[in-house]
Amino acid sequence: MAAPGTPTPPWPRTDGLAPALARLGEALDSVLDRPPGTRDAVDAREVWTAALTRPLPETGAGAETTLEELATVVVPHGTRLADPGFWGWITSGPTTLPVAAATAAGVVGGQRYTITAFNLLEEQSLAWLRDLCGLPSDMRGVWSSGGSVANLVALGAARQHAYERHGMDPAADGTSGLRPAVYASSEVHHTVQRAAGVLGLGRRAVRVVPVDGRGRMDVDALRERITADVGDGVTPIAVVGTAGTTNTGALDPLRAVGEVARQFGAWFHVDGAYGLPGILDERIADRYDGLELADSAIVDPHKWLNAPVGVAATFVRDRSLLVRAFTQEPAAYLESIAGEDHLEVGHSLEAMGVPYQDMAVELSAPPRGVVVWSILRELGRDGVRARVRADNDLATRLAGRALADERLELLMEPELSIVVLRYAGDPARRLDDDALDVINLAVLRRLRRETPWLPSDTRVRGVVALRPCFINARTQPEMVDAFAAEVRRLGDELADATAADLVATRR
Ligand SMILES: Cc1ncc(COP(=O)(O)O)c(C=O)c1O
């Protein structure tokens, strides 16, 4: 029964979500349906910049006008990241369901706390993702905004673990009691160094261990470095293994790296931000051998699972360690609902649910679990596996094209869905690496400007590489063939100019 004084619907409202979302959906679909590569041609930058740049309005334009501006000026001039030919970085366009789920979370999800379906899905989606990625079943997680924060949270747990073993609490008292070190390969994502800085360990506490010819951590060098440090009075806090490096998709030998970490009593963290879902591809699952040794692991659904940007998980075996590392201390304004007891309360606002606010660095945060839940509910393990396999197949296909074309060079056998290759020129007129670097950078610029194919670049063994990363669910195999053909065509054109001319053109 309604409480006295409760108004009855329809109550006054200024807009309706259904027509607004329908209009927006139509605008988004029309952008996504445009043939790849035509996105930038809609209007010159001056046109949309002029249309959007204005002083703060004193009088509002109203919902309808604003929505139309969003649909006709903002949306068509967004990023090319969602294009099926965008293969730069490790980000791509989200698929439909996670976009719908994120929208729902923005409207009735609100905060991730209190006893709601969204709160329940936080925990359930973490457990599903853990199981999907083959992580140990005793691991529990917490969501955050991306791999950067997820690595920070994991290393926060590692720091807490190491200091507590020496009777210290670094979260409360700071880190001056030990000389800490973290070990990671030269291919580790640089967010690990930043996390070490933020955690008060210092960026220089990250010891960079060399890699072998395939981009994998050299385990003997790791052991030697830790042995030398320990002899010097340094405390090894953590060893970071990467399951899918950002540059080439390489996997560190997890078992060997994990065993060295154990030998020295260090925490073993696995950065699987990109590559952990690769374990679903049975053809390469053995490359993840030793994953069960991990004390913590991260995975970013906004990479290989095609969630919209802003969702990553950190998993640890003991979340109470996270609470000691990240507790935000009691707050008077939360006192009446603090607590985790969500089974016995009747009303959503009577308890916070799982206290995620004490396990990482955010208090206010959207429910992110619903986004990942929607992906896994839609596709199931088999559906995600099919996508991962298809992406790995694209990489194998492109590697095959490069090997078959004497003017292309495959710089490393792909381990996952990243390929590193370059235009290598006519074998009869072999150019040196400096000239090839200039040509390949010029190829990249022309690919960006003139074609739908958008890889990024990196350096492999000192030379410039084109680096497509296949994680976009809309990429088709023929696109990969067209890309290989374009690299060859543009490379041939550019090779006709001298390296010196190209250097001059760049200035
Ligand atoms: C292996 C790895 N770790 C961490 C990150 C950082 O993730 P994010 O960009 O989500 O912060 C990336 C980003 O590409 C990555 O590839």
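For ligands, and for the atoms within them, numbers begin at 1 and follow the listed sequence. Along the sequence shown, the residues carry numbers beginning at 1.
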Numbering as shown, the atoms of ligand 1 that approach Ala273 to under 4.0 Å (heavy-atom distance):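 Taking each heavy atom of Ala273 in turn, ligand 1 has 2 (C), 3 (N), 4 (C) under 4.0 Å.
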Residue pair Asp457 / Asn440, side-chain donor-acceptor N/O under 3.5 Å: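 The criterion, which ignores hydrogens and geometry beyond distance, is not satisfied for Asn440 and Asp457.
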For atom 7 (O) of ligand 1, closest protein heavy-atom neighbour: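 Nearest neighbour among protein heavy atoms for atom 7 (O) of ligand 1, to 0.1 Å: Lys303 NZ, 3.0 Å.
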Atoms in ligand 1 flagged as close to Gly146, the criterion being non-hydrogen separation under 4.0 Å: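 So the answer, numbered in order with elements, is 10 (O), 11 (O).
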Sub-3.5 Å N/O-N/O distance, Thr242 and ligand 1: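 No, Thr242 has no N/O under 3.5 Å of an N/O on ligand 1.
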Audit row: Leu254, Val257, side chain to side chain contact (heavy atoms under 4.5 Å, CB included) steps and yes/no: CA-CA 5 Å; Leu254 299 180; Val257 173; 5.7 Å; no
Residue, atom name and distance, where the atom is the protein heavy atom closest to atom 3 (N) of ligand 1: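 Protein heavy atom at minimum distance: Asp271 OD2, 2.7 Å.
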Protein residue, atom and distance nearest to atom 16 (O) of ligand 1, heavy-atom basis: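 For this ligand atom, the closest protein heavy atom is Thr246 OG1, 2.8 Å.
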Pair Thr114-Asn119, side-chain donor/acceptor within less than 3.5 Å: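 Distance-only check fails for Thr114 and Asn119.
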Minimum-distance protein heavy atom relative to atom 8 (P) of ligand 1: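 Result for atom 8 (P) of ligand 1: Gly147 N, 3.3 Å.
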Tyr356 OH to Leu322 CG distance, which is reported to the nearest 0.5 Å: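 Tyr356 OH to Leu322 CG: 12.0 Å, rounded to 0.5 Å.
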Distance-only N or O hit between ligand 1 and Thr191, under 3.5 Å: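 No; the residue has no nitrogen or oxygen that sits under 3.5 Å from a nitrogen or oxygen of the ligand.
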Minimum-distance protein heavy atom relative to atom 11 (O) of ligand 1: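 For atom 11 (O) of ligand 1, the nearest protein heavy atom comes out as Ser148 OG, 2.5 Å.
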Distance-only side-chain donor-acceptor flag, Asp318 / His161, under 3.5 Å: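 Result is no, nothing qualifies.
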Plane angle bin for Trp87 and Phe470 - parallel if under 30°, tilted between 30 and 60°, otherwise perpendicular: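 Perpendicular.
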Pair Arg194-Ser148, side-chain donor/acceptor within less than 3.5 Å: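 Side-chain D/A pair, Arg194 to Ser148: present.
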Shortest reach to atom 15 (C) of ligand 1 by a heavy atom, considering only His302, Arg194, His190, His189: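 Answer by nearest heavy atom: His189.
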Backbone or side-chain N or O of Asp300 under 3.5 Å from ligand 1 N or O: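 Yes, since at least one N or O of Asp300 sits under 3.5 Å from an N or O of ligand 1.
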